[in-house]
Structure formats: structure tokens, C-alpha cells
Amino acid sequence: MIWLAAFIIALLTWSGHYWLMAGYDLSRDEQMVLFDAAIIAQGDGFARLPHDWSAVGSALSRVFILPGIADNAWVSAYLPGNAALHAIGAALGDTRLAAPILAGLAIVALWDCARRLWPDDTAPQAIALLCLLLSAQFLVTATTSYAMTAHLSLNLVWLTLFLRGRWWCYALLLPIGFVATGLHQPIFHPLFVAPFLWLLVERRGWRLLAFLTIGYAAVGLFWLGWPAMVIAATGSASHQTAVEGASYLTRLIDTLGGWSPSGVWVMALNLLRFAAWQHLLLLPLVTVGVVTSWRSSGLVRALALAPLITIAVMLILLPYQGHGWGYRYLHGLIGNLCLLAGFGWLALRERGIDRWRVVALSSAASLIGLAWLGGNAHRMVVPYATIDRAIAASRADYVLIDDTTAPFAQDLVYNPPYLERRPIRLAASAVSQLRWPQSLCTGKRVAIVDQKALASINRLFKTAQPIGASPALQKARARLLASGCTVIQ
């Protein structure tokens with residue numbers, strides 16, 4: 001039954017990308033996954049821009065491109081693990097297969113963890129699985145290319161191997177940790193692992209602790225050095241300066257310098273959103289499980305500390321998550337919380353509280369909430385997806401997008417790494433600041449996506465509709481005309 005459930009969830013979330021998400025990647029984070037996957041599929045570490053585009057590459061939108069990289073090259077600033085998994089999905093027939101398969105694997109891994117914790121008791125196993133299967137965040141995120149589904153799946157696989165306690169299982173922890181640390185940012189998986197290393201201290205498992213500590217130090221050093229390796233491969237003219245600008249230490253210092261106390265309010269909203277996207281019983285049962293078992297169970301402490309530490313670290317580093325269904329920076333730890341809910345159910349049952357009717361009613365309410373939240377996600381994606389399809393259907397060579405006149409309109413300026421797709425999308429705000437070469441305009445036709453074309457996005461966010469073209473669009477249009485382009489709209 002568990003394999004059937006995993007298959008159904010994988011099929012549902014794979015198809016959900018096309019009907020729930022309208023086949024569109026809403027955020028630049030998701031777009032960068034497919035961007036890097038296309039590069040990896042070609043066997044490259046980065047893509048080279050055609051010569052004429054090198055000087056005006058910012059018009060193609062270099063948001064989230066690795067800083068310091070050579071002008072004629074680009075690759076995302078993220079680590080390549082999640083993109084590599086999507087490249088494998090592409091090799092299987094559809095790049096969208098990666099997240100659904102990983103979601104199915106997460107279900108099986110959670111079930112195996114629950115079986116090892118409660119081998120003779122199906123009740124807490126069922127509670128843990130139910131909390132995952134009716135998590136709107138888990139299901140909706142699996143329809144996207146965010147790295148968070150991979151984090152959840154690999155964390156649970158790591159945990160079930162840890163719980164098995166055999167030497168060959170321990171040997172697999174570092175390979176899984178290597179991939180999990182390199183999925184997109186190097187911080188999330190180590191925050192999951194750290195409490196279990198402390199658990200080994202409590203259990204005096206010194207040999208395994210030494211093995212994992214040394215191993216994770218090597219893994220961390222490798223991925224921290226990844227940006228420098230890529231920059232060196234591109235042949236950046238100012239290599240040392242570029243490496244310093246792209247290093248995680250530099251990024252950390254810049255992030256800490258911009259921290260504001262308002263981050264506390266943002267984090268409170270994140271956690272409220274996280275709660276709203278989970279099974280109604282998840283957090284109440286987690287609370288019971290942690291309160292009743294904190295002192296007696298080192299495993300409960302390890303499971304609970306991972307989300308607590310992550311919240312504290314992200315409060316300091318990056319309270320604002322950008323786009324996300326629920327709170328995605330806790331996504332990789334939903335499995336921890338589901339298992340803690342199982343501990344909470346056991347604690348209640350020991351006190352004579354065994355109310356399956358409450359579970360049934362709360363599950364029905366969670367299912368209704370899932371449908372409502374999924375509908376809201378669809379409603380948010382559709383305006384962008386509709387404009388994206390209109391851009392793709394254009395017969396122009398270029399499409400100039402007035403990217404400052406609607407929220408997140410800059411994410412519509414997305415081009416594949418080798419510029420093989422037409423039309424090429426240009427950001428008006430960048431074009432207006434560039435000297436456009438005539439070589440890129442000879443015989444080229446340009447369509448315009450202005451404030452009227454973006455009106456549905458402003459209606460979605462209830463923002464004021466701009467009147468007339470923005471100054472940036474007017475200036476960009478004039479520059480392209482002066483360079484010999486033909487504006488057709």
C-alpha cells in the first residue's frame with residue numbers, strides 16, 4: 001500500500017505541474033534549476049554566450065547568475081545538485097519527473113523511519129504518514145522544481161539509514177549528505193544533520209561521530225569552493241576579485257550587514273504560513289510529543305532541534321523567503337515534524353486520549369484546506385503563465401518586457417542558457433542603460449510587453465495600474481529603433 005501511495009502521489013504531483021501550475025515556473029529560483037539542468041544535460045559546467053551578447057548580457061536578465069563570472073559565460077549562483085536531478089528527469093523523458101519521484105521516495109522513507117521507531121504499532125506510523133500526505137506544502141511544492149522536495153526526500157533517506165544502525169547504512173550517509181548539501185545552498189542539510197551528531201555524543205558513538213564529522217567537513221569545503229572552481233573554469237579576467245565576490249563568506253557578510261529587526265515579523269508570518277499549509281493536527285501533536293518526550297528521548301530532541309535551529313539561523317540570514325508555498329525553508333524538515341507527531345500521538349494515548357474520530361475530522365478539514373490553498377496557488381500562477389504563453393507565441397525575434405511596471409514581472413525575462421529559444425526576452429530596465437549594438441538588430445523584429453499586457457498581474461496584487469509606458473521602456477524602445485530593430489508592437 002505504501003508503494004501504491006507513493007506512485008499515486010508522484011503521478012498526481014507530476015501532472016499537477018501542468019494543471020495546477022499551468023506548466024509554468026513562477027519564481028526565478030525554479031527557472032534557474034531548469035537553466036542549470038540544460039547546461040548539465042550538455043555536459044557543461046556553464047554556458048557561453050554568443051559573442052555579440054556578451055556586452056549586453058544584463059538585458060537577458062542575469063538575476064541569480066553566479067557573480068564574478070566572465071562576461072561571456074553564465075550559470076546560476078546555486079549549487080548544481082537539484083539541477084542534476086532534474087537533468088536525470090529530462091533523460092527519463094521529462095525534467096518535471098524529478099520532484100514527483102522524490103516526493104514518492106519521501107513517503108516511502110518516512111514510512112520506513114516510522115516502522116523502525118514503532119515496529120509493532122501501526123497507529124503512530126499512520127499518524128506520521130497522514131501528516132505528510134495531507135500537507136498542502138508537501139504536495140504543491142512537489143509540482144514545482146524547487147530544491148525543497150529533494151531536501152525532504154534525502155533527509156528522510158539519510159534518517160532511515162541512520163536508524164537502521166548497520167555499517168553499510170552508515171557508509172551511505174556521506175554520499176547522501178554530499179548530494180543533499182550540494183542541492184542548492186550548502187546550509188540546509190547540515191542544519192538537519194547537526195542535532196544527530198550531538199545525539200552521537202550523548203550515545204558515545206565516537207567512531208561514527210568522527211567519521212561523519214570529518215566527512216561533512218570535507219563535503220562542506222568542497223561545496224563552499226564550488227563557485228571558485230566554476231569561475232576559474234570560465235577564465236574570468238579578474239579571477240581573485242571574482243572569487244571573493246562570489247564566495248559564501250562574502251555573501252554571508254553582505255547578508256548580515258543588511259539584517260533588520262523587521263525580520264522577526266517576517267519570520268512570524270513565515271511560521272504562520274507554514275502552519276496553515278500543514279495537516280491541522282501536525283503542530284499540536286508535535287508540541288505534545290516534544291513536551292512529553294524531550295528529557296527522556298535523545299531522538300526526539302534531535303528531531304525537534306533541527307527545525308528550531310533552522311528557524312533561528314534563517315531569522316538571522318534570510319527571513320524573507322520570496323516565493324514559496326507555505327514556508328519552504330522548513331520544507332526539508334517536515335519529515336522530522338511528522339515523526340514527532342507520531343510521538344505526540346503515543347503520549348496522548350498513554351494518557352487515555354485515543355480519538356480517531358478527531359483524526360478523521362481534522363483530516364477532512366485539511367483536505368478541504370488543501371483544495372483551497374491549491375486553488376489560490378493556481379490563481380496566482382495563471383496570470384504569469386498566460387503572459388508567458390503569449391510571449392512564446394510571438395513571431396518576433398525579441399520581446400521587450402516592461403519589467404518594472406508589475407510585481408515580479410522581471411521573472412518573465414527568462415532565457416535558456418544557449419539562447420536557442422525564440423523570441424529572446426529582454427528587460428526594458430536593462431536595455432535602457434546599454435549601448436545596443438547594430439549587429440543584434442539587423443533584420444530583427446521586436447514585440448513589446450507593456451503595462452497593458454501586464455495588467456492581469458497588477459490586478460492580482462491589487463497594485464495601481466501604471467498609465468502609459470514607463471520611462472525605461474520608452475528609452476529602451478528608442479535605443480532598439482536607433483540600432484536598426486523593427487518594433488512591431
Enquirer: Taking side-chain hydrogen bond (donor to acceptor under 3.5 Å, both in side chains) as the cut-off, I'd like each qualifying pair that reaches into residues 356-365, sequence neighbours left out, listed once.
Expert: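 As it turns out, the side-chain hydrogen bond (donor to acceptor under 3.5 Å, both in side chains) pairs with a partner in residues 356-365, which skip direct neighbours, are His279-Ser363, Asp354-Trp356.
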Enquirer: Write down the atom of Pro466, the atom of Thr405, and the distance for their closest heavy-atom approach.
Expert: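 Nearest pair, atom of Pro466 first, then Thr405: CG-O, 3.5 Å.
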Enquirer: For Tyr146 and Asp25, does a side-chain donor sit closer than 3.5 Å to a side-chain acceptor?
Expert: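 Result is no, nothing qualifies.
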Enquirer: Do any side-chain atoms of residues 368-384 form donor-acceptor pairs under 3.5 angstrom with protein atoms, and if so which ones, sequence neighbours left out?
Expert:
residue, atom, partner, partner atom, Å
His378, ND1, Trp19, O, 3.3
His378, ND1, Leu20, O, 2.8
Tyr384, OH, Pro407, O, 2.6

Enquirer: Checking Ser153 side chain against Ala150 main chain: does a donor-acceptor pair fall under 3.5 Å?
Expert: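 No, the answer is negative, given that no donor and acceptor are paired below the 3.5 Å cut-off.
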Enquirer: Carefully, step by step, assess Trp277 and Phe138 under the rule ring pair (Phe, Tyr, Trp, His ring centres under 6.0 Å).
Expert: CA-CA 9 Å; Trp277 280 71; Phe138 167 66; over 10 Å; no
Enquirer: Which heavy-atom pair separates Ala84 from Ile40 by the least distance, and what is that distance?
Expert: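 What the structure gives for the nearest pair is N-CD1, 3.6 Å.
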Enquirer: Got a second to check how far Ile401's CD1 is from Ile387's CD1, nearest 0.5 Å?
Expert: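 Answer for the CD1-CD1 pair, Ile401 versus Ile387, is 9.0 Å.
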Enquirer: I need the minimum non-hydrogen distance between Phe192 and Phe196, along with the two atoms involved.
Expert: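 So the minimum-distance heavy-atom pair works out to O-CD1, 3.3 Å.
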Enquirer: Check whether the side chains of Asp94 and Trp14 place a donor and an acceptor atom closer than 3.5 Å, and report yes or no.
Expert: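 There is such a pair (donor and acceptor under 3.5 Å, judged by atom type) between the side chains of Asp94 and Trp14.
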Enquirer: Yes or no on side-chain contact (heavy atoms from CB on, under 4.5 Å) for Phe408 and Ile457, after CA distance, side-chain angles and deciding distance?
Expert: CA-CA 9 Å; Phe408 304 105; Ile457 297 176; over 6 Å; no
Enquirer: Has Arg28 got more than 12 heavy atoms of other residues, nucleotides or ligands less than 6.0 Å from its CZ?
Expert: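 Yes - once you tally the heavy atoms of other residues, nucleotides and ligands closer than 6.0 Å, there are more than 12.
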Enquirer: Under a plain distance cut-off of 3.5 Å, with no hydrogens placed, do Glu30 and Ser27 share a side-chain donor-acceptor pair?
Expert: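 There is such a pair (donor and acceptor under 3.5 Å, judged by atom type) between the side chains of Ser27 and Glu30.
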Enquirer: Which heavy atom of Val75 sits nearest a heavy atom of Val230, and at what distance?
Expert: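 Shortest heavy-atom separation between Val75 and Val230 comes out as CG1-CG1, 3.8 Å.
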Enquirer: On a heavy-atom basis, which atom in Tyr24 and which in Gln31 lie closest, and how many Å separate them?
Expert: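 Heavy-atom minimum between the residues: OH-NE2, 3.9 Å.
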Enquirer: If I take atom CG from residue Leu105 and atom CG from residue Leu152, how far apart are they, to the nearest 0.5 angstrom?
Expert: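 Spacing of CG (Leu105) from CG (Leu152) equals 9.5 Å.
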Enquirer: Rounded to the nearest 0.5 Å, how far does OG of Ser432 lie from CD of Gln474?
Expert: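 Rounded to the nearest 0.5 Å, the CD-OG separation comes out at 11.0 Å.
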Enquirer: Hey, is the main chain of Leu49 close enough, under 3.5 Å, to the side chain of Asn72 for a donor-acceptor pair?
Expert: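 It does not hold such a pair.
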Enquirer: Angle between ring planes, Tyr327 versus Tyr329, binned at 30° and 60°: parallel, tilted or perpendicular?
Expert: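 Tyr327 and Tyr329: perpendicular rings.
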Enquirer: Once you round to the nearest 0.5 Å, how far does CG of Leu34 lie from CD1 of Ile39?
Expert: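 Reported value, rounded in 0.5 Å steps: 11.5 Å.
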Enquirer: Report yes if the side chains of Leu129 and Leu110 come closer than 4.5 Å at any heavy-atom pair, otherwise no.
Expert: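 Side-chain contact under 4.5 Å: yes.
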Enquirer: Just do the side-chain contact (heavy atoms from CB on, under 4.5 Å) check on Leu339 and Val300 with the steps written out, would you?
Expert: CA-CA 9 Å; Leu339 293 172; Val300 166; over 6 Å; no
Enquirer: How about Pro284 and Thr287: do any of their side-chain heavy atoms sit closer than 4.5 Å?
Expert: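 Pro284 vs Thr287: side chains apart.
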Enquirer: Quick one: are Leu419 and Pro50 in side-chain contact, heavy atoms under 4.5 Å?
Expert: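 Contact flag for Leu419/Pro50 side chains = yes.
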Enquirer: Can you classify the ring geometry of Trp158 versus Phe162 as parallel (below 30°), tilted (30 to 60°) or perpendicular (above 60°)?
Expert: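 Parallel, since the angle between the ring planes stays under 30°.
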Enquirer: Do side-chain atoms of Ser260 reach the backbone of Gly263 as a donor and acceptor pair under 3.5 angstrom?
Expert: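 Between the backbone of Gly263 and the side chain of Ser260 there is no qualifying donor-acceptor contact (under 3.5 Å).
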Enquirer: Does CZ belonging to Phe7 count more than 12 external heavy atoms closer than 6.0 Å?
Expert: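 Incorrect, the count does not exceed 12.
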Enquirer: Of the options Ile8, Ile107, Val108, which is the one that meets Trp3 in a side chain to side chain contact (heavy atoms under 4.5 Å, CB included)?
Expert: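 Single pass found, and it is Val108.
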Enquirer: Check the SG atoms of Cys338 against those of Cys131: under 2.5 Å or not?
Expert: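 Judged by the SG atoms alone, which are 2.5 Å or more apart, Cys338 and Cys131 are not bridged.
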Enquirer: Do Val431 and Leu400 have side chains that approach each other closer than 4.5 Å (heavy atoms only, starting at C-beta)?
Expert: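 Touching, per the 4.5 Å side-chain cut-off.
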Enquirer: Go through the structure and list residues passing salt bridge (Lys or Arg N to Asp or Glu O under 4.0 Å) with Arg164, not counting sequence neighbours.
Expert: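 Once residues adjacent in sequence are excluded, the partners of Arg164 under the salt bridge (Lys or Arg N to Asp or Glu O under 4.0 Å) criterion are Asp112.
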Enquirer: Counting distance only, does the side-chain N/O of Arg48 pair as donor-acceptor with the main-chain N or O of Thr234 below 3.5 Å?
Expert: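 Yes; judged by distance alone, with no hydrogens or angles, the pair exists.
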Enquirer: Just by modelled atom types, is the Phe178 backbone N or O under 3.5 Å from a matching donor or acceptor in the Trp223 side chain?
Expert: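 At least one qualifying donor-acceptor pair exists.
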Enquirer: Could you check Leu299 against Leu303 for side-chain contact (heavy atoms from CB on, under 4.5 Å), going step by step and ending with a plain yes or no?
Expert: CA-CA 6 Å; Leu299 181 61; Leu303 290 170; 4.2 Å; yes
Enquirer: Keeping to residues at least two apart or across chains, list the side-chain hydrogen bond (donor to acceptor under 3.5 Å, both in side chains) pairs with something in residues 444-455.
Expert: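 Passing the test, one end in residues 444-455: no pairs.
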Enquirer: Indicate the atoms forming the closest heavy-atom contact of Ile69 with Leu66, along with that distance.
Expert: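 Nearest heavy atoms, Ile69 then Leu66: CG2-O, 3.3 Å.
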Enquirer: Donor-acceptor check, side chain of Gln278 to backbone of Phe274, threshold 3.5 angstrom: yes or no?
Expert: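 Flag set: sc Gln278 to bb Phe274 pair under 3.5 Å.
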Enquirer: Apply salt bridge (Lys or Arg N to Asp or Glu O under 4.0 Å) to Asp52 and list each qualifying residue two or more places apart in sequence or on a separate chain.
Expert: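 Listed in chain order: nothing, the list is empty.
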Enquirer: Could you pull out every donor-acceptor pair under 3.5 Å between side chains of residues 317-324 and any protein atom, sequence neighbours left out?
Expert:
residue, atom, partner, partner atom, Å
Gln321, OE1, Arg328, N, 2.9
Gln321, NE2, Gly326, O, 2.9

Enquirer: If you apply the rule side-chain contact (heavy atoms from CB on, under 4.5 Å), what do you find for Arg477 with Val487, and how did you get there?
Expert: CA-CA 8 Å; Arg477 183 178 183 275; Val487 177; 3.7 Å; yes
Enquirer: Measure from NZ or CZ of Arg115 to the centre of the six-membered ring of Trp118, then state whether that distance is under 6.0 Å and the direction lies within 45° of the axis.
Expert: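 Geometry flag: not set, cation outside 6.0 Å or 45°.
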Enquirer: Any side-chain heavy atom of Thr160 sitting closer than 4.5 Å to one from Arg116?
Expert: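 Answer yes - side chains close enough.
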Enquirer: What I'd like to find out is whether the side chain of Ser429 reaches to under 4.5 Å of the side chain of Thr404, using heavy atoms alone.
Expert: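 Heavy-atom side-chain distance check passes, below 4.5 Å.
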Enquirer: Do Leu183 and His189 come close enough that some side-chain heavy atom pair is under 4.5 Å?
Expert: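 Answer no - side chains too far apart.
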Enquirer: Find the distance between CG (Leu346) and CG (Leu117) and round it off to the nearest 0.5 Å.
Expert: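 Answer for the CG-CG pair, Leu346 versus Leu117, is 9.5 Å.
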Enquirer: I'd like to know if Arg425 pairs up with Asp403 as an ion pair, taking the criterion as any Lys NZ or Arg NE/NH1/NH2 lying under 4.0 Å from an Asp or Glu carboxylate oxygen.
Expert: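 A salt bridge is absent here (no side-chain N lies under 4.0 Å from a carboxylate O).
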Enquirer: Would you call the rings of His184 and Tyr78 parallel, tilted or perpendicular, where under 30° means parallel and over 60° means perpendicular?
Expert: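 Judged by the thresholds at 30° and 60°, the geometry between His184 and Tyr78 is tilted.
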Enquirer: Please tell me if the side chains of Leu133 and Leu139 come closer than 4.5 Å, counting only heavy atoms from C-beta onward.
Expert: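 With C-beta onward as the side chain, the pair stays apart.
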Enquirer: Roughly how far, to the nearest 0.5 Å, is CD1 of Ile187 from OG1 of Thr310?
Expert: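 These two atoms lie 8.0 Å from each other.
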Enquirer: Counting N and O atoms only, with roles assigned by atom type, does the side chain of Asp402 sit under 3.5 Å from a partner on the main chain of Val449, one being a donor and the other an acceptor?
Expert: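 No, because the side chain of Asp402 does not come within donor-acceptor range (under 3.5 Å) of the backbone of Val449.
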